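Worksheet for the structure shown next.
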Amino acid sequence: MKRRDVTTNRHRGCRGLTLVELLMALGIMGLISAAVAGMLSAVAYGTDADSDVRELVARNKMVTTRINAAVRGSQKVLDAGQGADFTWLVLWDRDLDANGEPSLLEIRLLEYEVATRTLSSYSAPDGTTDVLYELTDDFDAITDALRSTADFPAETWANAADGFEVTLDESDPQAARMVSYRLTLTAGNLSDIAIGTVKLRNGT
């Protein structure tokens, strides 16, 4: 009888979970799951942010190097301006034929398009039939008609850009000696500004 009583008492001690205890356990598991999900989300966000920062730094360095080299290597600004849809800078790279006048093979257009958020460089490739111009010509109209043709193709220098401003040290572009610029770059939720002030090759 004693052995049977002991066995009966053991079975009575091994009861199941009550509904309240089950709900409490589920609640605790939910809190733990939410905390883990939050930590994983924070880690993922931090990783994405770090990646965006690295991308912006690399793009900033690349675009400022290109713009600085283009302006520094040029002997004159032929035209510059800013409208609702475009910002442009027309540079006379070099006088290849030493005739004192620009030609198609000697000019470069830097243009920012608001609709596509893109900064592009246009120049005539080697082998293009040269066209002679005079310094009094309308280089805004000339390059606008030429851009994206086979004689004046585009090379993308920056995309995902939210604005490009160009400032010259003279009101007459062809009298300018210094070019200042400000280009806003974006990556994810971050933004960075590429800025510079560059002296033209003929600047003193």
Side-chain angles (χ1 to χ4, degrees), residues 45-94 102 104-128 138-171 173-174 176-203:
Y45 178 80
T47 302
D48 290 342
D50 288 344
S51 177
D52 290 342
V53 168
R54 288 193 297 269
E55 179 187 341
L56 282 173
V57 170
R59 289 171 58 204
N60 190 318
K61 183 176 181 179
M62 180 189 70
V63 73
T64 53
T65 298
R66 286 181 165 182
I67 296 173
N68 292 351
V71 174
R72 191 177 293 115
S74 299
Q75 62 182 42
K76 188 180 286 292
V77 174
L78 295 173
D79 195 77
Q82 183 168 346
D85 300 319
F86 296 96
T87 299
W88 65 93
L89 179 69
V90 184
L91 300 169
W92 183 9
D93 278 346
R94 58 218 181 278
L104 177 57
L105 290 172
E106 299 171 353
I107 64 176
R108 178 187 300 275
L109 167 67
L110 298 184
E111 182 181 77
Y112 172 73
E113 185 174 1
V114 174
T116 61
R117 303 169 63 212
T118 301
L119 176 68
S120 301
S121 170
Y122 298 82
S123 59
D126 292 338
T128 301
D138 185 348
F139 287 96
D140 176 25
I142 290 170
T143 54
D144 185 55
L146 282 169
R147 65 190 181 92
S148 295
T149 65
D151 291 337
F152 211 56
E155 178 186 4
T156 300
W157 279 11
N159 49 30
D162 285 337
F164 183 52
E165 302 172 14
V166 174
T167 305
L168 306 178
D169 62 337
E170 297 286 348
S171 57
Q174 295 191 13
R177 295 292 181 270
M178 302 281 288
V179 176
S180 299
Y181 62 88
R182 179 186 177 94
L183 177 68
T184 303
L185 304 170
T186 63
N189 295 322
L190 302 178
S191 64
D192 192 22
I193 300 176
I195 59 175
T197 297
V198 191
K199 183 184 295 184
L200 291 152
R201 181 153 43 92
N202 68 339

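Sequence positions, counted from 1, serve as the residue numbers for this chain. The model shown is predicted, which means the values in this text are computed figures rather than measured ones. Just so it is clear, the values below take in all heavy atoms, side chains as well, and ignore hydrogens, waters and symmetry mates.
- Judged purely by distance below 3.5 Å, without hydrogens or angles, the side chains of T186 and R117 pair a donor atom with an acceptor atom.
- Put simply, CD on E155 and CG on L110 are 10.5 Å apart, with the number rounded to the nearest 0.5 Å.
- The two atoms that bring D93 and A70 nearest to each other are OD1-O, 4.4 Å, heavy atoms only.
- Distance check: F152 CZ to T128 OG1 gives 10.0 Å after rounding to the nearest 0.5 Å.
- Counting all heavy atoms, side chain and backbone alike, T118 lies closest to T116 at OG1-O, 2.9 Å.
- Within the model, atoms CG of D140 and CG of L89 stand 11.5 Å from one another, a figure rounded to the nearest 0.5 Å.
- Of the possible donor and acceptor atoms, none in the side chain of R182 sits under 3.5 Å from a partner among the backbone N and O of G163.
- One finds the CZ atom of F139 at 8.5 Å from the CG atom of D79 (value rounded to the nearest 0.5 Å).
- Between T87 and V166 the shortest side-chain heavy-atom distance falls below 4.5 Å.
- A176 and L200 get closest at one heavy-atom pair: O-CD1, 3.2 Å.
- Without hydrogens or angle criteria, R177 side chain to E170 main chain gives no donor-acceptor distance under 3.5 Å.
- S74 and L91 get closest at one heavy-atom pair: OG-CB, 3.5 Å.
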Hey, mind stepping through L185 and N60 against side-chain contact (heavy atoms from CB on, under 4.5 Å) and telling me if it holds? CA-CA 8 Å; L185 304 170; N60 190 318; 4.2 Å; yes

I'd like to know whether L183 forms a side-chain contact (heavy atoms from CB on, under 4.5 Å) with I193, so could you lay out the CA-CA distance, the side-chain angles of the two residues, the decisive distance to 0.1 Å, and finally the verdict. CA-CA 6 Å; L183 177 68; I193 300 176; over 6 Å; no

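- A187 approaches R59 most closely through the heavy-atom pair CB-NH1, 4.2 Å.
- Here the CD atom belonging to E111 is positioned 10.0 Å from the CG atom belonging to D85, to the nearest 0.5 angstrom.
- Residues R147 and F86 form a side-chain contact, since some pair of their non-hydrogen atoms from C-beta on lies under 4.5 Å apart.
- The aromatic rings of Y181 and F164 lie tilted to each other, with the angle between the two planes from 30° to 60°.
- At least one donor-acceptor pair under 3.5 Å links the side chain of N68 to the backbone N or O of T64.
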side-chain contact (heavy atoms from CB on, under 4.5 Å) evaluation trace for L109 with L146: CA-CA 10 Å; L109 167 67; L146 282 169; over 6 Å; no

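- Atom CD of residue E106 and atom CD of residue Q75 lie 7.5 Å apart, to the nearest 0.5 angstrom.
- With contacts defined as side-chain heavy-atom distances shorter than 4.5 Å, the pair E113/S120 does not qualify.
- The minimum heavy-atom distance linking L78 with P102 is given by the pair CD1-CB, 4.2 Å.
- Between L190 and V53, the closest side-chain pair of non-hydrogen atoms falls below 4.5 Å.
- Listed for the D169 side chain is a donor-acceptor partner under 3.5 Å among the backbone atoms of M178.
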